[in-house]
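Computed over heavy atoms, backbone and side chain alike; hydrogens, waters and symmetry mates excluded. Bear in mind the structure is a predicted one, so any value in this text is a computation, not a measurement.
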Amino acid sequence: MTLVNTRATFEKAVTDAVVNVDPTVLLVYDNVAFTTPGKTKKYIVMSINFGQSTIQNQGAASSYYSGFVQCNIYVPRNKGTSTLSSIGEAVIDGLISVNASNYTDTFNCTPRVTDVIGPGPIISDEESHFLGVISCQFSANA
């Protein structure tokens, strides 16, 4: 198991779920250089933050990653919050899909999520987009 595999697990799960609902949504990952999409684009900025890298059992440490995933969903203001809600549902579905009994662990890291929070809408008169934030804790181990 690696940090890269753990990251890929969650990126793929969310991407697959979102593209299935709305293939026009751009997905931006925090570990890839990007240019902010324009005012008319729907996009998600996904970040994965690691808070722990090992667990110390008796004897040698074991690989055990935990932290949180955050997905910032941006939709043009003229699209309204219903678009934000439908994309948010897809993000949640993608995140929790790794907990399903029939989930195929392609990246061999036994991923799990807990406590999905959001989408908390953030509306600012100065911004061109509505923003909704979804986050959750995750764990993965070898």
Who are the side-chain hydrogen bond (donor to acceptor under 3.5 Å, both in side chains) partners of Glu127, not counting sequence neighbours? none
Can you tell which of Tyr65, Phe138, Phe10 makes a side chain to side chain contact (heavy atoms under 4.5 Å, CB included) with Pro111? Phe10
Name all residues meeting the salt bridge (Lys or Arg N to Asp or Glu O under 4.0 Å) criterion together with Asp93; count only those two or more places apart in sequence or in a different chain, and write none if there are none. none
Between Arg112 (side chain only) and Val98 (backbone N and O only), is there a donor and an acceptor less than 3.5 Å apart? yes
Nearest heavy-atom neighbours spanning Ala17 and Ala90: CB-O, 3.3 Å
Looking at every heavy atom in both Ser97 and Gly94, which two are closest together, and how far apart are they? OG-O, 2.6 Å
Do the side chains of Val14 and Val113 join up, straight or via other hydrophobic residues, at under 4.5 Å, putting them in one cluster? yes
Taking Thr110's backbone N and O only, do any of them form a donor-acceptor pair with Asp105's side chain (distance below 3.5 Å, no angle check)? yes
Looking at residues at least two apart in the chain, or sitting in another chain, which of them share a side-chain hydrogen bond (donor to acceptor under 3.5 Å, both in side chains) with Thr114? Gln137
Minimal non-hydrogen separation, Ser139 against Tyr64, with atom names: CB-OH, 3.4 Å
Do Leu26 and Phe130 belong to the same hydrophobic cluster, where Ile, Leu, Val, Met, Phe, Trp and Tyr are linked whenever their side-chain heavy atoms lie under 4.5 Å apart, directly or via other members? no
With the 4.5 Å side-chain cut-off for hydrophobic clustering, are Leu95 and Phe50 part of the same group? yes
Please say yes or no: joined through hydrophobic side-chain contacts below 4.5 Å, possibly via intermediate residues, are Val18 and Tyr43 part of one cluster? no
Just wondering, do Tyr103 and Thr9 contact through their side chains at under 4.5 Å, heavy atoms? yes
Sequence neighbours excluded, the answer for side chain to side chain contact (heavy atoms under 4.5 Å, CB included) partners of Ile122 is Leu131, Val133
Could you check if a side-chain atom of Ser86 sits within less than 4.5 angstrom of a side-chain atom of Asp22, using non-hydrogen atoms only? no
Indicate if Met46 and Val25 have the same hydrophobic cluster label, given that clusters are the connected sets of ILVMFWY residues with side-chain heavy-atom separations under 4.5 angstrom. yes
Output all residues satisfying side chain to side chain contact (heavy atoms under 4.5 Å, CB included) with Asp16, sequence neighbours left out; order by chain, then residue number. Lys12
Show me, pair by pair, the donor-acceptor contacts under 3.5 angstrom made by side chains of residues 27-41, not counting sequence neighbours?
residue, atom, partner, partner atom, Å
Tyr29, OH, Thr15, OG1, 2.4
Asp30, OD1, Arg7, NH1, 2.5
Asp30, OD2, Ile48, N, 3.3

Just verifying a value: how many Å separate Ile92 CD1 and Ile134 CD1, rounded to the nearest 0.5 Å? 4.0 Å
